[in-house]
Amino acid sequence: MKANRPAIHLTAPRNWINDPNGFIWFDGCYHMYYQHFPYAPVWGRMHWGHATSKDLVHWEHHPIALFPTKSYDRDGCFSGSAIQQGEGLVFYYTGVDYVQANPENINRVLYDTYVACQVRIASPDGFAFDNFEGKQQVIAPIQNQALGSRYHTRDPKVWQQDGRYYMMLGSKVQEPDQEKTTPKVLLYTSEDGIDWQFLNAFSSYDTLGEMWECPDLYEVNGQWILTLSPMHMIDEPHVHKHQAISALVQFDARTGEIGWDGKQFTYVDYGLDYYAPQSTVDREGRRIQVGWLRMNHPLPGCEWVGALTLPRHITVREGKLYTDVHPQVRAQFTQMAEEGISQMGEPYRICAELKEGEEIAIGSYRLGFKDGRIWADRTGLIEEQNAQLFSQTPELSQKTDQLEIYVDHCIVEIYVNGGEAVLSHVVQPNALCGKLQLPGGASCFTWGEKQA
Ligand code: FRU
(Lines give C-alpha, C1' and ligand atoms only; values in the text may rest on other atoms or scores of the structure.)
Protein backbone atom coordinates (compact mmCIF):
# COMPACT_ATOMS: atom_id res chain seq x y z
CA MET A 1 0.00 0.00 0.00
CA LYS A 2 1.20 3.51 -0.72
CA ALA A 3 1.62 4.77 2.80
CA ASN A 4 -0.40 7.94 2.46
CA ARG A 5 -3.55 6.70 0.77
CA PRO A 6 -6.07 3.84 0.86
CA ALA A 7 -5.17 0.80 -1.25
CA ILE A 8 -8.58 -0.47 -2.36
CA HIS A 9 -10.58 2.75 -2.32
CA LEU A 10 -10.26 5.02 -5.33
CA THR A 11 -8.82 8.45 -4.59
CA ALA A 12 -7.72 11.11 -7.10
CA PRO A 13 -4.00 11.02 -7.94
CA ARG A 14 -3.87 14.44 -6.29
CA ASN A 15 -6.43 16.94 -5.05
CA TRP A 16 -10.19 16.87 -5.02
CA ILE A 17 -12.65 14.05 -5.81
CA ASN A 18 -16.41 13.99 -5.35
CA ASP A 19 -19.18 12.05 -7.10
CA PRO A 20 -18.60 8.87 -9.11
CA ASN A 21 -19.63 9.47 -12.76
CA GLY A 22 -20.05 7.40 -15.92
CA PHE A 23 -19.44 4.12 -14.07
CA ILE A 24 -19.63 1.31 -16.63
CA TRP A 25 -18.25 -2.11 -17.59
CA PHE A 26 -17.08 -1.81 -21.19
CA ASP A 27 -14.74 -3.71 -23.45
CA GLY A 28 -12.99 -5.73 -20.77
CA CYS A 29 -12.75 -3.24 -17.92
CA TYR A 30 -14.67 -1.02 -15.54
CA HIS A 31 -14.42 2.70 -16.26
CA MET A 32 -14.89 5.04 -13.36
CA TYR A 33 -14.99 8.78 -13.98
CA TYR A 34 -15.38 11.20 -11.11
CA GLN A 35 -15.93 14.83 -10.22
CA HIS A 36 -12.47 16.27 -9.94
CA PHE A 37 -10.82 19.61 -9.28
CA PRO A 38 -7.25 18.94 -10.36
CA TYR A 39 -5.55 22.09 -9.09
CA ALA A 40 -6.15 22.12 -5.34
CA PRO A 41 -7.60 19.93 -2.58
CA VAL A 42 -10.92 21.83 -2.61
CA TRP A 43 -14.12 21.79 -4.71
CA GLY A 44 -13.89 24.03 -7.80
CA ARG A 45 -14.63 24.23 -11.54
CA MET A 46 -15.38 20.58 -12.26
CA HIS A 47 -13.53 18.18 -14.54
CA TRP A 48 -14.04 14.45 -14.96
CA GLY A 49 -11.12 12.37 -13.68
CA HIS A 50 -10.78 8.84 -15.00
CA ALA A 51 -9.62 5.44 -13.72
CA THR A 52 -10.13 1.86 -14.90
CA SER A 53 -10.12 -1.50 -13.18
CA LYS A 54 -10.49 -5.10 -14.20
CA ASP A 55 -11.48 -6.35 -10.75
CA LEU A 56 -13.06 -3.33 -8.97
CA VAL A 57 -10.21 -3.35 -6.46
CA HIS A 58 -7.04 -2.31 -8.33
CA TRP A 59 -7.48 1.00 -10.16
CA GLU A 60 -5.31 2.53 -12.84
CA HIS A 61 -5.38 6.30 -13.38
CA HIS A 62 -5.80 7.92 -16.80
CA PRO A 63 -5.67 11.50 -18.08
CA ILE A 64 -8.59 13.81 -17.33
CA ALA A 65 -11.54 12.81 -19.53
CA LEU A 66 -13.75 15.92 -19.58
CA PHE A 67 -12.92 19.54 -19.00
CA PRO A 68 -14.68 22.85 -19.73
CA THR A 69 -14.39 24.12 -23.32
CA LYS A 70 -17.81 25.52 -24.29
CA SER A 71 -19.65 28.62 -23.10
CA TYR A 72 -22.31 26.30 -21.62
CA ASP A 73 -19.80 24.21 -19.62
CA ARG A 74 -17.18 26.91 -19.09
CA ASP A 75 -17.61 26.59 -15.33
CA GLY A 76 -17.76 22.86 -14.99
CA CYS A 77 -18.62 19.41 -16.23
CA PHE A 78 -20.92 18.31 -13.43
CA SER A 79 -22.04 14.75 -12.69
CA GLY A 80 -23.46 12.36 -15.26
CA SER A 81 -23.53 8.83 -16.56
CA ALA A 82 -22.47 6.56 -19.43
CA ILE A 83 -24.21 4.04 -21.66
CA GLN A 84 -22.95 1.84 -24.42
CA GLN A 85 -24.23 2.75 -27.88
CA GLY A 86 -23.13 0.64 -30.82
CA GLU A 87 -19.42 -0.10 -30.50
CA GLY A 88 -18.63 2.86 -28.25
CA LEU A 89 -19.73 4.80 -25.20
CA VAL A 90 -21.95 7.85 -24.87
CA PHE A 91 -21.77 10.15 -21.85
CA TYR A 92 -24.29 12.64 -20.52
CA TYR A 93 -23.34 15.29 -18.00
CA THR A 94 -24.45 18.71 -16.81
CA GLY A 95 -22.64 21.70 -18.27
CA VAL A 96 -22.63 24.73 -15.97
CA ASP A 97 -22.07 28.42 -16.61
CA TYR A 98 -21.88 30.55 -13.46
CA VAL A 99 -24.07 33.66 -13.55
CA GLN A 100 -21.39 35.31 -11.46
CA ALA A 101 -18.08 33.76 -10.57
CA ASN A 102 -16.60 34.63 -7.21
CA PRO A 103 -14.06 37.37 -8.00
CA GLU A 104 -11.84 36.04 -5.22
CA ASN A 105 -11.93 32.48 -6.55
CA ILE A 106 -13.27 32.22 -10.08
CA ASN A 107 -13.58 28.45 -9.70
CA ARG A 108 -16.62 28.99 -7.52
CA VAL A 109 -19.96 30.70 -8.04
CA LEU A 110 -21.63 33.51 -6.15
CA TYR A 111 -25.30 33.24 -5.08
CA ASP A 112 -25.61 29.54 -6.01
CA THR A 113 -26.63 30.30 -9.63
CA TYR A 114 -25.26 27.71 -12.05
CA VAL A 115 -27.00 27.98 -15.47
CA ALA A 116 -27.34 24.25 -16.16
CA CYS A 117 -27.81 22.33 -19.41
CA GLN A 118 -27.42 18.66 -20.31
CA VAL A 119 -24.61 17.66 -22.63
CA ARG A 120 -23.82 14.54 -24.66
CA ILE A 121 -20.36 13.42 -25.72
CA ALA A 122 -19.41 10.14 -27.37
CA SER A 123 -16.14 8.26 -27.00
CA PRO A 124 -15.08 5.29 -29.15
CA ASP A 125 -13.35 3.52 -26.25
CA GLY A 126 -13.86 5.42 -22.98
CA PHE A 127 -10.33 6.83 -23.18
CA ALA A 128 -10.48 9.28 -26.10
CA PHE A 129 -12.71 12.36 -25.74
CA ASP A 130 -12.91 15.29 -28.11
CA ASN A 131 -13.67 18.07 -25.64
CA PHE A 132 -13.49 20.65 -28.45
CA GLU A 133 -15.60 19.15 -31.24
CA GLY A 134 -17.45 16.28 -29.54
CA LYS A 135 -19.84 18.01 -27.15
CA GLN A 136 -23.48 18.59 -27.96
CA GLN A 137 -25.98 20.38 -25.76
CA VAL A 138 -29.04 18.10 -25.79
CA ILE A 139 -31.25 19.79 -23.17
CA ALA A 140 -31.06 23.57 -22.87
CA PRO A 141 -31.30 25.40 -19.53
CA ILE A 142 -34.91 25.17 -18.32
CA GLN A 143 -37.00 28.28 -19.04
CA ASN A 144 -40.20 27.23 -17.32
CA GLN A 145 -39.52 27.70 -13.63
CA ALA A 146 -42.69 25.76 -12.73
CA LEU A 147 -41.10 22.70 -14.31
CA GLY A 148 -37.64 22.91 -12.77
CA SER A 149 -34.84 25.23 -11.83
CA ARG A 150 -32.74 26.95 -14.50
CA TYR A 151 -29.82 26.89 -12.05
CA HIS A 152 -30.31 23.55 -10.34
CA THR A 153 -31.25 20.82 -12.81
CA ARG A 154 -28.48 18.31 -13.12
CA ASP A 155 -26.86 14.88 -12.92
CA PRO A 156 -28.38 13.02 -15.92
CA LYS A 157 -28.72 9.29 -15.32
CA VAL A 158 -29.45 7.65 -18.65
CA TRP A 159 -30.59 4.10 -19.35
CA GLN A 160 -32.15 2.09 -22.16
CA GLN A 161 -35.41 0.25 -21.83
CA ASP A 162 -37.72 -1.34 -24.40
CA GLY A 163 -35.79 0.22 -27.27
CA ARG A 164 -35.92 3.78 -25.90
CA TYR A 165 -33.59 5.98 -23.90
CA TYR A 166 -34.58 7.48 -20.57
CA MET A 167 -32.91 10.28 -18.64
CA MET A 168 -33.55 11.24 -15.05
CA LEU A 169 -32.46 14.65 -13.72
CA GLY A 170 -32.43 16.07 -10.21
CA SER A 171 -34.10 19.46 -9.81
CA LYS A 172 -36.24 21.68 -7.61
CA VAL A 173 -38.99 24.30 -7.90
CA GLN A 174 -40.04 27.25 -5.83
CA GLU A 175 -43.76 26.86 -5.20
CA PRO A 176 -45.66 30.06 -4.40
CA ASP A 177 -46.30 30.46 -0.65
CA GLN A 178 -43.69 27.85 0.29
CA GLU A 179 -40.68 28.85 2.28
CA LYS A 180 -38.36 26.15 1.04
CA THR A 181 -38.03 24.79 -2.45
CA THR A 182 -39.66 21.48 -3.44
CA PRO A 183 -37.23 18.82 -4.67
CA LYS A 184 -38.05 17.08 -7.93
CA VAL A 185 -36.87 14.59 -10.48
CA LEU A 186 -37.51 15.18 -14.19
CA LEU A 187 -37.81 12.35 -16.69
CA TYR A 188 -37.01 12.71 -20.37
CA THR A 189 -37.18 10.12 -23.13
CA SER A 190 -35.57 9.81 -26.55
CA GLU A 191 -35.47 7.47 -29.52
CA ASP A 192 -31.87 8.18 -30.48
CA GLY A 193 -30.27 9.61 -27.32
CA ILE A 194 -29.88 13.02 -29.00
CA ASP A 195 -33.37 14.43 -29.38
CA TRP A 196 -35.03 14.37 -25.92
CA GLN A 197 -38.67 15.00 -24.93
CA PHE A 198 -39.90 15.76 -21.46
CA LEU A 199 -41.92 12.79 -20.15
CA ASN A 200 -42.88 13.41 -16.54
CA ALA A 201 -41.82 14.88 -13.21
CA PHE A 202 -42.04 13.51 -9.71
CA SER A 203 -41.83 15.38 -6.46
CA SER A 204 -42.87 14.41 -3.05
CA TYR A 205 -43.18 15.12 0.57
CA ASP A 206 -41.92 18.34 1.95
CA THR A 207 -39.45 17.05 4.48
CA LEU A 208 -37.11 15.17 2.15
CA GLY A 209 -34.66 17.98 1.48
CA GLU A 210 -34.79 20.97 -0.84
CA MET A 211 -33.11 19.66 -3.96
CA TRP A 212 -32.54 16.10 -5.16
CA GLU A 213 -29.07 15.51 -6.56
CA CYS A 214 -27.76 12.48 -8.42
CA PRO A 215 -31.06 10.60 -8.92
CA ASP A 216 -30.81 6.98 -10.04
CA LEU A 217 -33.69 4.68 -11.01
CA TYR A 218 -33.05 0.98 -11.65
CA GLU A 219 -34.70 -2.41 -11.41
CA VAL A 220 -33.40 -5.24 -9.24
CA ASN A 221 -35.11 -8.61 -8.89
CA GLY A 222 -38.25 -7.16 -10.48
CA GLN A 223 -38.38 -4.25 -8.04
CA TRP A 224 -37.70 -0.60 -9.01
CA ILE A 225 -35.41 1.35 -6.72
CA LEU A 226 -35.06 5.13 -6.62
CA THR A 227 -31.83 6.43 -5.11
CA LEU A 228 -31.60 10.14 -4.37
CA SER A 229 -29.17 12.51 -2.71
CA PRO A 230 -31.47 15.07 -1.06
CA MET A 231 -29.76 18.30 -0.05
CA HIS A 232 -30.55 19.71 3.40
CA MET A 233 -32.13 16.52 4.57
CA ILE A 234 -30.88 16.77 8.15
CA ASP A 235 -31.00 19.99 10.12
CA GLU A 236 -29.06 19.13 13.24
CA PRO A 237 -25.75 20.88 13.65
CA HIS A 238 -22.43 19.07 13.15
CA VAL A 239 -23.56 16.64 10.48
CA HIS A 240 -23.41 16.56 6.73
CA LYS A 241 -26.86 17.90 5.93
CA HIS A 242 -27.02 16.20 2.56
CA GLN A 243 -27.61 12.43 2.65
CA ALA A 244 -28.20 9.58 0.21
CA ILE A 245 -31.33 7.45 0.44
CA SER A 246 -32.97 4.60 -1.46
CA ALA A 247 -36.64 3.69 -1.76
CA LEU A 248 -38.58 0.83 -3.30
CA VAL A 249 -40.90 2.42 -5.85
CA GLN A 250 -43.21 1.63 -8.77
CA PHE A 251 -42.27 2.88 -12.20
CA ASP A 252 -44.29 2.97 -15.43
CA ALA A 253 -41.87 3.63 -18.29
CA ARG A 254 -44.70 4.43 -20.72
CA THR A 255 -45.97 7.41 -18.70
CA GLY A 256 -42.87 8.08 -16.62
CA GLU A 257 -44.98 7.84 -13.46
CA ILE A 258 -43.24 6.99 -10.21
CA GLY A 259 -45.19 5.55 -7.29
CA TRP A 260 -43.73 6.37 -3.86
CA ASP A 261 -45.15 7.97 -0.75
CA GLY A 262 -41.87 9.79 -0.07
CA LYS A 263 -41.82 8.40 3.47
CA GLN A 264 -40.49 4.87 3.21
CA PHE A 265 -36.77 4.91 2.59
CA THR A 266 -33.45 3.71 3.95
CA TYR A 267 -30.12 5.48 4.15
CA VAL A 268 -27.68 4.09 1.63
CA ASP A 269 -24.99 4.24 4.33
CA TYR A 270 -25.49 4.91 8.04
CA GLY A 271 -22.01 6.39 8.61
CA LEU A 272 -23.35 9.66 7.16
CA ASP A 273 -20.11 10.55 5.31
CA TYR A 274 -21.56 8.93 2.22
CA TYR A 275 -23.14 10.85 -0.68
CA ALA A 276 -23.98 10.95 -4.40
CA PRO A 277 -23.97 7.23 -5.26
CA GLN A 278 -24.26 5.96 -8.80
CA SER A 279 -25.19 2.45 -9.90
CA THR A 280 -24.36 0.41 -12.96
CA VAL A 281 -24.51 -3.21 -14.09
CA ASP A 282 -21.37 -5.27 -13.60
CA ARG A 283 -19.82 -7.84 -15.93
CA GLU A 284 -22.06 -10.58 -14.51
CA GLY A 285 -25.23 -8.48 -14.78
CA ARG A 286 -25.48 -7.56 -11.08
CA ARG A 287 -26.63 -4.10 -10.03
CA ILE A 288 -23.71 -2.44 -8.27
CA GLN A 289 -23.28 0.95 -6.64
CA VAL A 290 -20.43 3.25 -5.64
CA GLY A 291 -20.65 6.46 -3.61
CA TRP A 292 -18.44 9.30 -2.47
CA LEU A 293 -16.95 9.36 1.04
CA ARG A 294 -16.84 13.03 1.90
CA MET A 295 -13.85 14.71 3.44
CA ASN A 296 -13.56 18.46 3.76
CA HIS A 297 -9.79 18.58 4.13
CA PRO A 298 -6.86 16.34 3.23
CA LEU A 299 -5.57 14.16 6.05
CA PRO A 300 -2.15 15.22 7.35
CA GLY A 301 0.58 14.42 4.81
CA CYS A 302 -1.90 13.47 2.04
CA GLU A 303 -2.15 15.13 -1.39
CA TRP A 304 -5.65 13.86 -2.08
CA VAL A 305 -9.03 14.57 -0.49
CA GLY A 306 -12.20 12.41 -0.62
CA ALA A 307 -12.56 8.80 -1.77
CA LEU A 308 -15.02 6.52 -3.51
CA THR A 309 -16.47 3.60 -1.57
CA LEU A 310 -15.95 -0.05 -2.32
CA PRO A 311 -18.40 -1.25 -4.97
CA ARG A 312 -21.54 -2.70 -3.42
CA HIS A 313 -23.97 -5.27 -4.72
CA ILE A 314 -27.65 -4.38 -4.50
CA THR A 315 -30.36 -6.99 -4.15
CA VAL A 316 -33.98 -7.06 -3.02
CA ARG A 317 -35.08 -10.06 -0.96
CA GLU A 318 -38.53 -10.47 0.50
CA GLY A 319 -39.33 -6.84 -0.17
CA LYS A 320 -36.19 -5.58 1.55
CA LEU A 321 -33.18 -3.80 0.07
CA TYR A 322 -29.72 -5.25 0.73
CA THR A 323 -26.42 -3.50 -0.01
CA ASP A 324 -23.55 -5.93 0.38
CA VAL A 325 -19.87 -5.66 -0.52
CA HIS A 326 -19.21 -6.69 -4.11
CA PRO A 327 -18.20 -10.39 -4.28
CA GLN A 328 -15.07 -9.51 -6.26
CA VAL A 329 -13.84 -7.38 -3.35
CA ARG A 330 -14.52 -10.17 -0.89
CA ALA A 331 -12.72 -12.65 -3.15
CA GLN A 332 -9.51 -10.65 -2.75
CA PHE A 333 -9.49 -11.15 1.01
CA THR A 334 -9.26 -14.89 1.49
CA GLN A 335 -5.95 -15.46 3.31
CA MET A 336 -6.53 -16.00 6.99
CA ALA A 337 -4.24 -13.62 8.87
CA GLU A 338 -1.84 -14.24 11.71
CA GLU A 339 -1.94 -12.04 14.79
CA GLY A 340 -0.79 -8.41 14.71
CA ILE A 341 -2.70 -7.59 11.59
CA SER A 342 -3.46 -4.00 12.47
CA GLN A 343 0.25 -3.13 12.29
CA MET A 344 0.64 -4.39 8.74
CA GLY A 345 -0.45 -1.30 6.85
CA GLU A 346 -2.24 -3.40 4.22
CA PRO A 347 -6.01 -3.46 3.90
CA TYR A 348 -7.77 -6.33 5.61
CA ARG A 349 -11.18 -7.83 6.22
CA ILE A 350 -12.66 -8.85 9.57
CA CYS A 351 -15.50 -11.36 9.87
CA ALA A 352 -17.14 -11.40 13.28
CA GLU A 353 -20.37 -12.23 14.99
CA LEU A 354 -21.55 -9.74 17.60
CA LYS A 355 -24.08 -10.39 20.33
CA GLU A 356 -26.04 -7.66 22.09
CA GLY A 357 -23.64 -5.64 24.25
CA GLU A 358 -20.45 -6.84 22.54
CA GLU A 359 -17.86 -4.49 21.06
CA ILE A 360 -14.98 -4.42 18.63
CA ALA A 361 -11.97 -2.07 18.73
CA ILE A 362 -9.81 -1.37 15.70
CA GLY A 363 -7.11 0.75 17.30
CA SER A 364 -9.04 3.63 18.84
CA TYR A 365 -12.08 3.17 16.60
CA ARG A 366 -14.92 1.37 18.36
CA LEU A 367 -18.09 -0.27 17.21
CA GLY A 368 -20.65 -2.49 18.87
CA PHE A 369 -24.13 -3.97 19.00
CA LYS A 370 -26.57 -2.35 21.38
CA ASP A 371 -30.38 -2.19 21.52
CA GLY A 372 -30.56 -4.10 18.27
CA ARG A 373 -28.40 -1.60 16.37
CA ILE A 374 -24.80 -1.50 15.21
CA TRP A 375 -23.10 1.70 16.38
CA ALA A 376 -19.66 3.13 15.59
CA ASP A 377 -17.83 5.85 17.45
CA ARG A 378 -14.97 7.92 16.03
CA THR A 379 -14.98 10.65 18.64
CA GLY A 380 -11.53 12.23 18.69
CA LEU A 381 -10.43 10.31 15.59
CA ILE A 382 -11.22 12.84 12.89
CA GLU A 383 -10.76 16.58 12.69
CA GLU A 384 -13.53 17.18 10.15
CA GLN A 385 -15.63 20.14 11.19
CA ASN A 386 -19.00 18.71 10.25
CA ALA A 387 -18.29 15.07 10.87
CA GLN A 388 -20.87 12.91 12.57
CA LEU A 389 -18.82 11.28 15.32
CA PHE A 390 -21.30 8.70 16.54
CA SER A 391 -23.47 6.81 14.02
CA GLN A 392 -25.77 3.85 14.21
CA THR A 393 -27.95 1.68 12.04
CA PRO A 394 -31.69 1.35 12.58
CA GLU A 395 -32.90 -1.61 14.59
CA LEU A 396 -31.85 -4.82 12.85
CA SER A 397 -33.74 -8.01 12.20
CA GLN A 398 -31.42 -10.35 14.12
CA LYS A 399 -30.32 -10.88 17.68
CA THR A 400 -26.77 -11.75 16.62
CA ASP A 401 -25.18 -9.68 13.91
CA GLN A 402 -22.80 -10.98 11.29
CA LEU A 403 -20.30 -8.28 10.49
CA GLU A 404 -17.91 -8.00 7.59
CA ILE A 405 -15.54 -5.06 8.05
CA TYR A 406 -13.04 -3.66 5.57
CA VAL A 407 -10.20 -1.60 7.00
CA ASP A 408 -8.15 0.41 4.51
CA HIS A 409 -5.69 3.07 5.71
CA CYS A 410 -8.21 5.69 6.94
CA ILE A 411 -11.51 4.10 5.86
CA VAL A 412 -13.67 1.55 7.65
CA GLU A 413 -16.68 -0.02 5.90
CA ILE A 414 -18.97 -2.17 8.05
CA TYR A 415 -21.42 -4.51 6.32
CA VAL A 416 -24.11 -5.93 8.60
CA ASN A 417 -25.97 -9.21 8.04
CA GLY A 418 -25.09 -9.59 4.38
CA GLY A 419 -26.03 -6.02 3.52
CA GLU A 420 -29.04 -5.32 5.74
CA ALA A 421 -27.21 -2.08 6.61
CA VAL A 422 -23.84 -0.51 5.83
CA LEU A 423 -21.90 2.01 7.86
CA SER A 424 -18.68 3.65 6.60
CA HIS A 425 -16.34 6.11 8.23
CA VAL A 426 -13.23 8.08 7.47
CA VAL A 427 -10.81 8.52 10.40
CA GLN A 428 -7.21 9.60 10.89
CA PRO A 429 -5.10 6.66 9.66
CA ASN A 430 -3.08 6.32 12.87
CA ALA A 431 -6.36 5.88 14.80
CA LEU A 432 -6.70 2.44 13.20
CA CYS A 433 -3.14 1.32 13.91
CA GLY A 434 -3.51 0.20 17.51
CA LYS A 435 -4.60 -3.16 18.83
CA LEU A 436 -7.47 -5.17 17.39
CA GLN A 437 -10.04 -6.38 19.91
CA LEU A 438 -12.40 -8.94 18.45
CA PRO A 439 -15.00 -11.27 19.92
CA GLY A 440 -14.27 -15.00 20.07
CA GLY A 441 -14.58 -16.80 16.76
CA ALA A 442 -13.75 -13.72 14.68
CA SER A 443 -11.25 -13.99 11.85
CA CYS A 444 -9.16 -11.62 9.75
CA PHE A 445 -8.21 -11.96 6.13
CA THR A 446 -5.45 -10.25 4.28
CA TRP A 447 -5.30 -9.14 0.72
CA GLY A 448 -4.41 -12.33 -1.08
CA GLU A 449 -4.56 -11.92 -4.80
CA LYS A 450 -2.31 -9.03 -5.57
CA GLN A 451 -2.28 -7.94 -9.15
CA ALA A 452 1.08 -8.10 -10.94
C1 FRU B 1 -23.32 16.17 -5.73
C2 FRU B 1 -23.09 17.32 -6.71
C3 FRU B 1 -23.89 17.11 -7.98
C4 FRU B 1 -23.13 17.95 -8.97
C5 FRU B 1 -21.71 17.74 -8.52
C6 FRU B 1 -20.83 18.93 -8.68
O7 FRU B 1 -22.25 16.03 -4.85
O8 FRU B 1 -23.40 18.56 -6.10
O9 FRU B 1 -25.26 17.47 -7.89
O10 FRU B 1 -23.32 17.54 -10.29
O11 FRU B 1 -21.75 17.36 -7.16
O12 FRU B 1 -19.51 18.61 -8.35
Side-chain angles (χ1 to χ4, degrees), residues 12 15-23 32-50 64-68 72-82 91-98 101-102 105 107-109 112-119 121 139 141-142 148-158 167-172 181 183-186 208-216 227-234 240-245 268-269 272-279 289-296 305-309 386:
N15 296 320
W16 179 267
I17 199 170
N18 58 288
D19 315 354
N21 294 157
F23 186 21
M32 179 65 84
Y33 307 83
Y34 51 85
Q35 291 285 280
H36 182 39
F37 187 62
Y39 312 118
V42 292
W43 189 92
R45 186 174 304 229
M46 277 293 136
H47 297 48
W48 277 32
H50 182 202
I64 284 172
L66 300 181
F67 54 88
Y72 55 71
D73 75 358
R74 68 186 343 137
D75 293 312
C77 303
F78 272 21
S79 284
S81 55
F91 296 79
Y92 296 87
Y93 69 93
T94 302
V96 299
D97 176 8
Y98 299 163
N102 183 340
N105 172 6
N107 298 298
R108 297 191 76 134
V109 75
D112 210 23
T113 43
Y114 312 82
V115 177
C117 67
Q118 315 312 322
V119 186
I121 182 169
I139 299 182
I142 291 183
S149 166
R150 177 173 173 78
Y151 305 123
H152 294 275
T153 297
R154 55 178 174 260
D155 309 337
K157 183 72 196 309
V158 174
M167 179 191 290
M168 184 174 253
L169 295 169
S171 190
K172 62 179 182 179
T181 55
K184 253 186 143 176
V185 290
L186 307 180
L208 211 61
E210 297 179 7
M211 155 81 197
W212 288 342
E213 297 190 299
C214 301
D216 197 357
T227 298
L228 301 168
S229 292
M231 297 180 82
H232 300 282
M233 206 179 133
I234 316 184
H240 287 298
K241 294 181 174 59
H242 315 332
Q243 290 296 329
I245 58 125
V268 180
D269 188 299
L272 309 185
D273 286 344
Y274 183 99
Y275 197 59
Q278 183 173 91
S279 78
Q289 186 181 48
V290 166
W292 165 41
L293 282 177
R294 287 177 284 201
M295 293 165 57
N296 292 331
V305 60
L308 302 190
T309 60
N386 294 321

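Order of listing sets the numbers, starting from 1, for every ligand and every atom in it. Computed from heavy atoms alone, side chains included, the values below leave out hydrogens, waters and symmetry copies. It should be emphasised that the depicted structure is a prediction, and the values quoted were computed from it without experimental measurement.
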Proximal atoms of ligand 1 relative to [X] (non-hydrogen, under 4.0 Å):
| X | result |
| --- | --- |
| Tyr275 | 1 (C), 7 (O) |
| Met46 | 12 (O) |
| Ser79 | 5 (C), 10 (O) |

Among protein heavy atoms, which sits nearest to [atom], and what does the distance come to when rounded to 0.1 Å?
| atom | value |
| --- | --- |
| atom 1 (C) of ligand 1 | Asp19 OD2, 3.0 Å |
| atom 4 (C) of ligand 1 | Asp155 OD1, 3.5 Å |
| atom 8 (O) of ligand 1 | Glu213 OE2, 2.6 Å |
| atom 12 (O) of ligand 1 | Gln35 OE1, 2.7 Å |

Q. Is the backbone of Gly95 close enough, under 3.5 Å, to the side chain of Asp73 for a donor and an acceptor to pair up by distance?
A. no
(Q) Salt bridge or not between Glu213 and Arg154? Use side-chain N to carboxylate O under 4.0 Å. (A) yes
(Q) One thing to verify: whether Asp273 and Arg294 come together as a salt bridge, which I'm taking to mean a side-chain N less than 4.0 angstrom from a carboxylate O. (A) no
Q: Scan side-chain atoms only and decide if Gln278 and Ser81 contain a donor-acceptor pair under the 3.5 Å cut-off.
A: no
**Q.** Identified ring pair (Phe, Tyr, Trp, His ring centres under 6.0 Å) counterpart of Tyr33 within the set Phe78, Tyr92, Trp48, Phe67
**A.** Trp48
Q) Can we call the ring centroids of Tyr275 and His240 under 6.0 Å apart? A) no
Q. Applying a 4.0 Å heavy-atom criterion (strictly less than), which segment of Asn18 is in contact with ligand 1: side chain, backbone, both, or neither?
A. side chain
Q.
Are any of the N/O atoms on Trp292, whether in the backbone or the side chain, positioned under 3.5 angstrom from an N/O atom of ligand 1?
A. no
Q) Does Trp43 reach ligand 1 with a nitrogen or oxygen that is under 3.5 Å from one of the ligand's nitrogen or oxygen atoms? A) yes
Q | Ring geometry between His232 and His242 (parallel below 30°, tilted from 30 to 60°, perpendicular above 60°) | A | perpendicular
